[in-house]
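For reference, the structure discussed in these notes is given below.
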Amino acid sequence: MSKGKYYLSTAIAYASGKPHIGNTYEIVLADAICRFKRLEGYDVYFQTGTDEHGQKIQEKAEKAGVTPQQYVDSTSAEIKRIWDVMNTSYDRFVRTTDPMHEKKIQEIFEKFLKTGDIYKSKYEGWYCTPCESFWTESQLVDGKCPDCGREVKWAEEEAYFFRLSKYTELIMKYIEEHPEFIQPEARKNEMVNNFLRPGLQDLCVSRTSFNWGIPVSSDPKHVVYVWLDALSNYITFPGYEPEGEDSDFYKKYWPADVHLIGKDIVRFHTLYWPAFLMALGEPLPKQVFGHPWLLTGSGKMSKSLGNVLYADDLVELYGVDAVRYYVLHEIPFASDGTLTHDLMMERINSDLANILGNLVNRTVSMTHKYLGGTLRKRAPEGEFDADLIALAKSTAERVQSRMESLHVADAIDEIFALLRRANKYVDETQPWVLGRDEAHRERLEAVLYNLCETIRIAGGLLKPFLPGTAEKIERQLRLDASDWEALSEFGVIEDGHAVGEAEILFQRLDIPKKTAEVEAFYAEKYAPKVESDPVLPDVTIDDFSKCDMRVCKVLTCENVKKSEKLLKFTLDDGSGKPRQILSGIAKFYKPEELVGKTVVAILNLPPRKMMGQESCGMLISAVKIENGEEKLNLLMLDDSIPAGARLG
RNA sequence: CGCGGGGUAGAGCAGUUGGUAGCUCGUCGGGCUCAUAACCCGGAGGUCGUGAGGUUCAAGUCCCACCCCCGCAACCA
């Protein structure tokens with residue numbers, strides 16, 4: 001019997017590359033929620049997919065020497081593969097390059113033009129010609145381009161705008177009247193304080209600077225803004241028709257119950273998306289949940305062990321359910337979680353192997369050892385039984401209430417509390433003592449029956465989170481635990497039921513040994529691969545000798561305030577006058593370790609301002625790409641070479 | 001500058017409307033032997049970022065100031 005419909009979507013993943021474990025968290029979280037809703041008896045529609053337009057993809061495709069379509073075909077397939085590796089049960093994997101979707105986006109755009117929600121105007125701003133980008137007044141650094149430090153000019157460009165400003169009040173009102181709309185609450189305050197209170201500005205919804213996107217049908221040199229394109233996936237795929245009759249499927253499932261998204265894109269989902277929907281006259285989603293991030297170790301990405309983590313690698317090392325367990329359990333409701341190999345192994349051993357695996361194993365083993373594998377239904381007795389049974393019967397309800405508010409980690413904790421209680425029960429009742437004396441046979445049967453019942457319930461409740469493990473438990477108990485109602489009842493297993501063979505659910509890890517294995521895995525798989533650029537076209541010796549490259553000594557070196565990349569150097573170039581040069585290498589060097597070093601600089605470049613400071617020349621570094629990451633080594637010479645020596 | 005979130009035992013986190021600080025891991029000691037050296041019990045360990053600040057009979061919990069970390073800051077998805 002259906003309890004009604006439930007439509008959950010994840011954000012569609014941007015198809016610019018392989019998703020790491022942080023991105024993968026979202027799909028696993030969504031999967032756990034959807035599986036739980038199905039278990040409860042809802043008619044679930046679970047949609048995910050890839051967002052495939054935009055400038056960044058166009059650039060990446062060009063770099064890779066393929067068409068954008070070829071590029072997204074491959075990244076989208078890779079993302080889908082990872083989703084499948086995680087054993088996720090999405091109902092539909094959508095792609096924004098689907099012709100059906102593209103057509104509907106064009107229709108929506110035209111519809112907005114007709115209703116006046118989109119109008120043609122000019123996009124104005126400070127334009128940096130070399131960078132081909134617009135900047136706002138506040139983004140400029142000393143009136144110059146924040147990227148390259150060059151002059152900008154006031155420029156304007158024809159563009160289409162969405163009348164977002166018109167919807168400020170309506171959205172504000174909606175948010176106030178629906179306190180559950182934005183979750184967690186902190187995100188809501190962020191939106192209200194930063195955006196709604198000051199008032200929304202109209203949104204530029206077309207681009208002419210690149211063409212990998214959906215063309216505006218009435219004005220094809222414009223391409224539809226990716227967010228209008230991407231957000232609409234939530235309605236176009238279920239069957240919304242901008243012109244004509246919506247599908248029955250759409251009528252049944254829209255509005256969505258939850259949009260599950262990363263906290264970084266809450267703004268798009270709680271401001272722009274509602275405005276688009278209001279303009280279309282469609283109802284708004286019931287809830288947008290901006291989940292926190294999963295961070296790896298120190299947070300900074302480096303290829304060394306334990307930092308860049310991909311879901312498929314982790315699955316290969318630890319198994320799907322262990323990875324699912326980790327990400328679902330270790331990330332609190334509202335703050336970021338961390339993932340390291342050490343923590344991963346700790347969780348596997350203490351929770352999955354010890355508490356869960358060992359309980360199942362010892363129970364099934366004892367059932368075979370003492371009862372020949374056959375359970376007998378016996379009357380419970382004593383406070384130990386009552387306590388265990390009460391907890392077992394009430395766990396489903398507690399898990400449900402945690403899931404209701406999307407507190408997935410807490411829901412899992414409830415199940416583990418029951419498992420811990422069961423382990424304690426084994427100690428309290430001491431079945432091995434009962435097994436020594438035939439007189440205690442009935443009591444022994446009652447104890448093992450109670451344990452199997454508890455495991456049946458816990459295993460059934462674990463299904464949404466650890467589907468593979470739950471299946472193994474069912475196999476060992478030789479029963480099906482997918483009836484929701486039965487998970488709140490005790491005494492479901494029939495008298496005379498025979499259990500299956502005991503099987504290890506999670507092998508306990510030998511930490512030093514596993515650590516070595518992990519290191520070896522990464523060392524082999526991610527051995528540095530240096531990408532080499534093709535050699536540039538020939539230049540003449542005259543061209544080369546125009547460059548005045550000289551040996552310099554670093555006199556002082558310090559970080560540039562507010563800049564992540566820049567270091568400021570004072571150099572002795574042999575002229576007797578100190579020379580100031582800025583260099584974007586702060587990510588690779590600490591200022592103090594460079595003082596006194598012998599470096600090389602090109603001196604005859606025109607001075608240029610960066611972050612308000614003048615840079616007279618450029619330091620020479622060796623740059624290479626390793627595993628897709630930039631590596632930089634500042635060129636340093638033997639300290640015996642004097643300052644001012646010319647290179648040639 | 002501004003806005004938001006954080007700073008609680010070695011680590012990771014809870015602490016609702018104020019009433020002598022809890023959980024998981026780790027650690028130490030004990031018990032048990034069915035089980036994957038797993039399980040159960042107990043102990044140690046915290047001036048709850050700072051201010052011998054304010055309110056209160058009472059503050060991690062409310063108010064004020066300051067310090068540190070992390071996000072956001074609108075058209076780069």
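Each chain gets a letter, A, B and so on, in the order its sequence line appears, and its residues count up from 1.
- As the counterpart of B:rA52, no nucleotide is assigned, since no Watson-Crick or G-U wobble pattern has both distances under 3.5 Å.
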Report task. Using a 4.0 Å cut-off on protein heavy atoms (strictly under), produce a 5'-to-3' string for nucleotides 36-43 of chain B with B for base contact, S for backbone-only sugar-phosphate contact, and - for none. Result -> B-SBSS--
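- One P atom belongs to B:rC23, the other to B:rG46, and the distance between them is 16 Å to the nearest Å.
- Nucleotide B:rA35 holds its C1' atom 14 Å from the NE2 atom of A:His368, rounded to whole Å.
- Ion pairing of A:Asp413 with A:Arg402 is absent here, as no side-chain N (NZ or NE/NH1/NH2) approaches a carboxylate O to less than 4.0 Å.
- Between the C1' atoms of B:rC34 and B:rC39, the separation comes to 10 Å (whole Å).
- Salt-bridge formation is not detected for the pair A:Glu59/A:Lys63: no Lys NZ or Arg NE/NH1/NH2 atom is positioned less than 4.0 Å from an Asp or Glu carboxylate oxygen.
- When atom types are taken as modelled, the side chain of A:Ser9 and the backbone of A:Gln47 share no donor-acceptor pair closer than 3.5 angstrom.
- Using C1' as the reference atom, B:rU20 and B:rA65 are 28 Å apart when rounded to the nearest Å.
- Going from atom CZ of A:Arg402 over to atom C1' of B:rU16 covers 12 Å, rounded to whole Å.
- One C1' atom belongs to B:rA14, the other to B:rU56, and the distance between them is 26 Å to the nearest Å.
- A parallel orientation is assigned to the rings of A:Tyr325 and A:His329, their planes being inclined by less than 30° (bins at 30° and 60°).
- In this structure, CG of A:Asp342 is placed 17 Å from P of B:rC25, rounded to the nearest angstrom.
- Nucleotides B:rG45 and B:rA21 have their C1' atoms positioned 13 Å apart, rounded to a whole Å.
- One atom, OH of A:Tyr325, and another, P of B:rG12, lie 18 Å apart when rounded to the nearest Å.
- Using Watson-Crick or G-U wobble geometry with both donor-acceptor distances under 3.5 Å, B:rG4 finds its partner in B:rC70.
- As a whole-Å value, the separation of A:Asp351 CG from B:rC23 C1' is 12 Å.
- For A:Glu414 and B:rU24, the CD to C1' distance is 14 Å, given to the nearest whole Å.
- The C1' atoms of B:rC32 and B:rA38 are separated by 12 Å, rounded to the nearest whole Å.
- Sorted by first and then second residue, the side-chain hydrogen bond (donor to acceptor under 3.5 Å, both in side chains) pairs involving residues 356-373 of chain A (not counting sequence neighbours) are A:Arg362-A:Asn423.
- One can place NE2 of A:His329 at 11 Å from C1' of B:rC25, the figure rounded to the nearest angstrom.
- Between A:Ile511 atom CD1 and B:rC25 atom P the separation is 14 Å, expressed in whole Å.
- Using Watson-Crick or G-U wobble geometry with both donor-acceptor distances under 3.5 Å, B:rC39 finds its partner in B:rG31.
- For the C1' atoms, the distance linking B:rG60 with B:rG2 amounts to 28 Å, nearest Å.
- Between B:rG18 and B:rC62, the distance separating the two C1' atoms is 8 Å to the nearest Å.
- A salt bridge links A:Arg95 with A:Asp73: the closest approach of a Lys/Arg side-chain nitrogen to an acidic carboxylate oxygen falls below 4.0 angstrom.
- Just one residue in the list A:Tyr119, A:Phe109, A:Tyr225 forms a ring-ring contact (aromatic ring centres under 6.0 Å, His included) with A:Tyr160, and that residue is A:Phe109.
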Query - Stepwise side chain to side chain donor-acceptor pair (under 3.5 Å) check, A:His53 with A:Glu102 - result: CA-CA 11 Å; A:His53 293 121; A:Glu102 296 186 338; 3.2 Å; yes
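- Side-chain N/O atoms of A:Arg436 include one lying less than 4.0 angstrom from OP1 or OP2 on B:rU33.
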